[in-house]
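Working notes, beginning with the structure itself.
Computed from a prediction, not measured in an experiment: that's the story for all the values here. Each chain gets a letter, A, B and so on, in the order the sequences are listed, and its residues count up from 1.
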Amino acid sequence: MVIQSQKLSASPYDLASTLTCGQAFRWTRWDHTSVGVIDDHWIQVSQQGPSLHVSTTHSSPNWKRIEDYFQVRLDLDNVTRSFPMDSHLREAKRAYRGLRLLKQSPWECLASFILSSNKQIPHIQQIITRLTQRFGTPLEVPPGHEPLASFPTAAHLASVSEADLRKLGMGYRAPFLSEAARRVSDGRLVLQSLFEMPYPEAFASLQTLPGVGPKIANCVLLFAFQKQEAFPIDVWIKRALSTLYFSDASPSPKQLEAFARSYFNPYAGYAQQYLFHYVRNQPRSPQPH
DNA sequence: CTCCAGGTCCAGA
DNA sequence: TCTGGACATGGA
């Protein structure tokens with residue numbers, strides 16, 4: 001087995017936060033090394049100062065795609081400089097300087113977030129792991145490492161029965177995933193075309209899928225299609241915005257959306273991810289239980 | 001046992 | 001537009 005390596009430089013970069021902040025579900029961390037999958041590449045990555053050391057078992061690695069995935073070319077400070085200067089965002093920015101949005105694959109991202117609804121992140125990871133093991137293509141893995149597989153294609157999942165999907169523990173989301181797989185594989189939904197589409201159009205287009213509402217559509221537009229104005233509002237962000245910016249009043253969905261769009265612009269999506277990671281790592285207060 | 005999770009859908013105000 | 005409840009599943 002041949003392992004090929006490459007060093008990518010990017011500063012600032014916070015690899016640990018980037019891979020654990022809930023945007024991607026397939027990375028596991030051992031010591032200071034993360035192992036995961038990008039398309040059909042088995043990937044091992046670690047950070048040393050301003051560089052990422054990336055290794056893969058792929059016979060002819062697509063390094064351009066890998067660089068793109070990790071978004072090492074982005075001028076991150078230019079992005080975070082545009083954040084509003086309030087104390088919460090300033091603190092999040094300080095604590096997680098180097099946190100980046102990845103550029104994920106459209107189908108994997110869409111399918112993953114269809115599975116994410118009303119589920120905790122560890123559960124989502126569990127389901128996705130089972131889905132890849134059952135229906136993905138096994139990848140070459142160095143000795144001593146867990147077997148990993150590529151994410152199953154839309155075409156393959158379209159050929160799988162809902163009952164077989166349910167066996168993986170995804171519950172009522174099975175028909176949603178199934179329908180998305182059919183529409184993507186038969187061309188009724190051309191994911192690639194969303195790259196060219198303006199945000200509002202792309203936003204509406206994704207929501208024609210059953211099981212895809214505003215939150216999931218925004219996640220997919222932000223994490224796969226790099227629409228920077230997408231601002232996913234989940235339970236955590238809703239709580240955070242209510243406490244931090246509405247002094248615990250309970251704003252309506254419409255109010256939240258309007259506030260987020262104007263206040264965090266132009267990099268609302270990035271601001272959202274900093275806030276999300278920040279509140280989720282708070283020791284106590286906004287956290288339930 | 002009860003409550004909740006990176007929500008969405010549907011029905012009824 | 002907004003609200004309440006249902007929806008599968010698993011962990012706390």
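Straight-line distance from the CD1 atom of A:Ile128 to the P atom of C:dT9: 17 Å, rounded to whole Å. Between the OH atom of A:Tyr172 and the P atom of C:dG5 there is a distance of 17 Å, rounded to whole Å. Residue A:Leu177 contributes atom CG, which lies 17 Å from atom C1' of C:dC7 at whole-angstrom precision. In this structure, A:Lys119 atom NZ and B:dG7 atom P are separated by 11 Å, rounded to whole Å. Distance CZ (A:Arg173) to C1' (B:dA5): 9 Å, rounded to an integer number of Å. We find that CG of A:Leu110 is positioned 12 Å from P of B:dT8, with the value rounded to whole Å. Between the C1' atom of C:dT9 and the CD1 atom of A:Ile127 lies a distance of 7 Å, rounded to the nearest Å. Summarising the geometry, the separation between CZ on A:Arg166 and C1' on C:dC7 is reported as 10 Å, rounded to the nearest angstrom.
Residue A:His156 forms a ring pair (Phe, Tyr, Trp, His ring centres under 6.0 Å) with just one option from A:Phe135, A:Phe151, A:Trp107, and that option is A:Phe135.
Between A:Phe176 and A:Gln272, the residue anchored nearer the 5' end of DNA chain B, judged by the nucleotide with its closest heavy atom, is A:Gln272.
Residues forming a side chain to side chain contact (heavy atoms under 4.5 Å, CB included) with A:Lys103 (at least two apart in sequence, or on another chain): A:Arg65, A:Asp68, A:Gln71, A:Phe195, A:Gln226. Residues passing the side chain to side chain contact (heavy atoms under 4.5 Å, CB included) test with A:Ala16 are A:Asp14, A:Arg29, sequence neighbours excluded.
Listed for the A:Gln133 side chain is no donor-acceptor partner under 3.5 Å among the backbone atoms of A:Ala149.
Of the listed nucleotides (B:dG6, C:dC2, C:dT9), C:dC2 has the atom at the smallest distance from the side chain of A:Ser252. The side chain of A:Lys254 lies closest to C:dT1 when the candidates are C:dA8, C:dT1, B:dG6. The listed nucleotides are C:dC7, C:dT1, C:dG10; the one nearest the side chain of A:Gln126 is C:dG10. Of the listed nucleotides (B:dG6, C:dT3, C:dG10), C:dT3 has the atom at the smallest distance from the side chain of A:Pro253. The side chain of A:Asn118 approaches B:dG7 more closely than any other nucleotide in the set B:dG7, B:dG6, C:dT9.
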Would you write the dot-bracket representation of DNA chain C, where each base gets (, ), [, ], | or . depending on whether it forms a Watson-Crick or G-U pair under 3.5 Å and with which partner? |||||||.||||
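Contact check for A:Pro251 versus A:Ser242: side-chain heavy atoms found under the 4.5 Å cut-off. Between A:Phe231 and A:Leu241, some side-chain heavy-atom pair lies under the 4.5 Å cut-off. Residues A:Val212 and A:Ile114 form a side-chain contact, since some pair of their non-hydrogen atoms from C-beta on lies under 4.5 Å apart.
Of all heavy-atom pairs spanning A:Gly169 and A:Arg130, the tightest one is CA-NH2, 4.2 Å.
Between C:dC2 and B:dG6, the two C1' atoms lie 22 Å apart (nearest whole Å). As rounded to the nearest Å, B:dA11 and C:dA8 have P atoms that lie 16 Å from one another. Nucleotides B:dC9 and C:dG10, compared at atom P, are 23 Å apart to the nearest Å.
A donor-acceptor contact under 3.5 Å is not formed by the side chain of A:Lys215 with the base of B:dT8.
Residue ring and base: A:Trp236 does not count as stacked with B:dG6 (centre distance below 5.5 Å and interplanar angle below 30° not both satisfied).
Within the 4.0 angstrom heavy-atom criterion, no nucleotide atom of any strand lies near A:Glu257.
Remark: A:Arg239 is in phosphate contact with B:dA5, judged by side-chain N or O atoms under 4.0 Å from OP1 or OP2. Checking the phosphate oxygens (OP1, OP2) of B:dG6, a side-chain nitrogen or oxygen of A:Arg280 falls inside 4.0 Å.
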